[in-house]
Amino acid sequence: MDWTSAQLRSLVELTRRGTITAVAEALGYTPGGVSQQITALEKATGRQLLRRVGRRVELTDAGATLALHAERILTTEAEAVEALERTRNEISGTLRVGLFATAAAEILPPALRQVRETHPGVTVRSRDMDVDEVYDAVAGGSVDLALGLDYPDVPIPRDPSLRVRELSRERFSLAVPTGTMSGRSGRSGRLGQSGRSGQSGRSGARQKVSLADTRDLGWILPSVGSYYGRAVLTACRRAGFEPQVLHEVTDTAATLALVEAGVGVSVVTDLMLRLRPSSLDVLELHETMERHIVVVCRSFAEHRPTVAALVDVLRASAGRRPPGGQQQSRNTLLTR
């Protein structure tokens, strides 16, 4: 059969994602480009692989059969590439890296500087993607490795074909509009619709609150369909209340802007706070809420020289970051 790896990968991704548009987003193609790959694959096999059902498409029996074998073919091909690379002494080649917004801004740049210095033969191409999709992107082969997140309260299912290594842990704090909870000592306050007070007061010790103290406040959270949203919802329910989600927002910088504007509260980590300088209060939580920053690669690629080199650099970079992140903001109520 005269087919290509790109054509087979488009078919395999279609079984995972269900739509041509989703496959195009995952692989970095246009929807028309994906359709062309599938059409070429149908010509190569002499079989109809897809059928239209309304506005959607679904695999025919021939398509489902080929997709099953295509996944094995792509895995074997990737393993062959990894084996060949291990026969070389030098560390060189191109790596495709998937990452989420915070990683793109704070984690990858210093790692890339280190890679240029220590492994000049390695070229890294990165793609920003939804953090909940990075595991599927690695498993599907659209990226070689990815930076992702895991939450102890809502752990992401482990695919046996993937290797997940923890880079660092971050504890969540509570971000509230300036002065919202000052002097309340555990009593909840209500947020109005007006903006922040603009006062930049300091405190000798960081105020400590419970999630339950926010039961009467409005929240800014991602969708509860996301792992992050579910992790926060789980923590709030454990504290005995259901958060009142006023604004469903995924972008961290937008979340911080809304907190600063006085329209809600949210949980944040030190890494998240560095995405946007904001005038707001950051309060320590009595409850322990964490997220783990991880690097994900396929199990058989773990010892590929270029992959191992980049993973080592990422782990070293994470180890050099201060455990407390913005230590100054730990000791003051104002985050700068």
Chemist: Is there a donor-acceptor pair under 3.5 Å between the side chain of T39 and the backbone N or O of S35?
Modeler: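 Yes; at least one donor-acceptor contact below 3.5 Å.
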Chemist: Using modelled atom types and a 3.5 Å cut-off, is there a donor and acceptor pairing between side-chain atoms of S126 and backbone atoms of V97?
Modeler: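 Not confirmed, S126 side chain does not pair with V97 backbone.
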Chemist: I'd like to know if R52 and E58 make a salt bridge, using a cut-off of under 4.0 Å between side-chain N and carboxylate O.
Modeler: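 No salt bridge links R52 with E58.
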Chemist: Main chain of S161, side chain of S299: is a donor-acceptor contact present, judged purely on distance under 3.5 Å?
Modeler: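 Yes; judged by distance alone, with no hydrogens or angles, the pair exists.
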Chemist: Between R16 and E71, is there a salt bridge with N-O shorter than 4.0 Å?
Modeler: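 Answer for the salt bridge query: yes.
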Chemist: When you measure from the side chain of S210 to the backbone of D213, do you find a donor-acceptor pair of N or O atoms at a distance under 3.5 Å?
Modeler: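 Here the side-chain-to-backbone pair does not exist.
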Chemist: Kindly compute the distance separating NE2 (H247) from CD1 (I220), expressed to the nearest 0.5 Å.
Modeler: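 Here the interatomic distance stands at 6.0 Å.
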Chemist: Give the ring-plane orientation class for Y151 versus Y228, where under 30° counts as parallel, over 60° as perpendicular and anything between as tilted.
Modeler: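 Ring orientation of Y151 relative to Y228: parallel.
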Chemist: Which distance, rounded to the nearest 0.5 Å, do you find between the OH of Y29 and the CZ of R9?
Modeler: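 So the OH of Y29 and the CZ of R9 are separated by 7.5 Å.
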Chemist: Looking at R158, E302, H303, which one forms a side-chain contact (heavy atoms from CB on, under 4.5 Å) with R163?
Modeler: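 So the option named by the test is E302.
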Chemist: Can you tell me how far apart CD1 (I20) and CD (Q37) are? Round to the nearest 0.5 Å.
Modeler: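 Here the rounded value is 10.5 Å.
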Chemist: Tell me if the CZ atom of R47 is crowded by more than 12 foreign heavy atoms within 6.0 Å.
Modeler: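 Open.
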Chemist: Got a donor-acceptor contact below 3.5 angstrom from the S278 side chain to the L280 backbone?
Modeler: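 Pair absent, no side-chain N/O of S278 close to backbone of L280.
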Chemist: Sub-3.5 Å donor-acceptor pair from the side chain of D312 to the main-chain atoms of A309, do we have one?
Modeler: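 Checked: no pair found.
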Chemist: Tell me whether E25 is salt-bridged to R17, with the criterion being a basic N under 4.0 Å from an acidic carboxylate O.
Modeler: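 No, this pair does not count.
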Chemist: Do any N or O atoms from the side chain of R96 and from the backbone of S142 form a donor-acceptor pair under 3.5 angstrom?
Modeler: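 Yes, because the side chain of R96 sits within donor-acceptor range (under 3.5 Å) of the backbone of S142.
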Chemist: Drop me the distance from D281's CG to L174's CG, to the nearest 0.5 angstrom.
Modeler: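 Here the rounded value is 9.5 Å.
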Chemist: Answer yes when R171 and E290 have at least one side-chain N-carboxylate O distance shorter than 4.0 Å, and no when they do not.
Modeler: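 Looking at R171 and E290, the cut-off is not met.
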Chemist: Go through R315 and E166 one step at a time and tell me if the salt bridge (Lys or Arg N to Asp or Glu O under 4.0 Å) criterion holds.
Modeler: CA-CA 8 Å; R315 296 181 73 185; E166 184 181 305; over 6 Å; no
Chemist: Taking side chain to side chain donor-acceptor pair (under 3.5 Å) as the test, write out the residues that go with R238, two or more places apart.
Modeler: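 R238: side chain to side chain donor-acceptor pair (under 3.5 Å) contacts with D153.
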Chemist: Strictly below 4.0 Å, N to O, side chains only: are R304 and D144 in salt-bridge contact?
Modeler: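 Between D144 and R304 there is a salt bridge, with a charged N closer than 4.0 Å to a carboxylate O.
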Chemist: Check for a donor-acceptor pair, side chain of E242 on one end and backbone N or O of R237 on the other, with a separation under 3.5 Å.
Modeler: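 Judged by distance alone, no pair lies under 3.5 Å.
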Chemist: Say whether T45 and W3, considering side chains only, have a donor N or O and an acceptor N or O under 3.5 Å apart.
Modeler: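 Per modelled atom types, T45 and W3 side chains form no pair under 3.5 Å.
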Chemist: How far does CD1 of I293 sit from CG of D150, to the nearest 0.5 angstrom?
Modeler: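 It comes to 11.5 Å.
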Chemist: Verify, without hydrogens or angle tests, whether E170 (side chain) and L271 (backbone) share a donor-acceptor contact under 3.5 angstrom.
Modeler: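 Between the backbone of L271 and the side chain of E170 there is a qualifying donor-acceptor contact (under 3.5 Å).
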Chemist: Testing L314, L99, V134 one by one against V295 for a side-chain contact (heavy atoms from CB on, under 4.5 Å), which residue passes?
Modeler: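 Testing V295 for a side-chain contact (heavy atoms from CB on, under 4.5 Å) against L314, L99, V134 leaves exactly one candidate, L314.
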Chemist: On the ring face of Y227, is R230 found with NZ or CZ under 6.0 Å from the centre and within 45° of the axis?
Modeler: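 Relative to the ring axis of Y227, which defines the angle, R230 lies inside both limits.
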Chemist: Mind running side-chain contact (heavy atoms from CB on, under 4.5 Å) on V34 and T21 for me, showing each step along the way?
Modeler: CA-CA 8 Å; V34 174; T21 300; over 6 Å; no
Chemist: Under the side-chain contact (heavy atoms from CB on, under 4.5 Å) rule, what do L211 and F241 come out as? Steps first, then yes or no, please.
Modeler: CA-CA 9 Å; L211 281 171; F241 75 102; 4.0 Å; yes
Chemist: Determine whether the side chains of S5 and E77 contain a donor N or O and an acceptor N or O closer than 3.5 Å.
Modeler: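 Looking only at side-chain atoms, E77 and S5 do form a donor-acceptor pair, the distance falling under 3.5 Å.
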Chemist: Is it the case that the side chain of R298 and the backbone of T75 share a donor-acceptor pair, with hydrogens and angles ignored and the cut-off at 3.5 Å?
Modeler: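 A pair under 3.5 Å: no.
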Chemist: Taking atom CD of E42 and atom CG of L49, what is their separation to the nearest 0.5 Å?
Modeler: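 Reported value, rounded in 0.5 Å steps: 4.5 Å.
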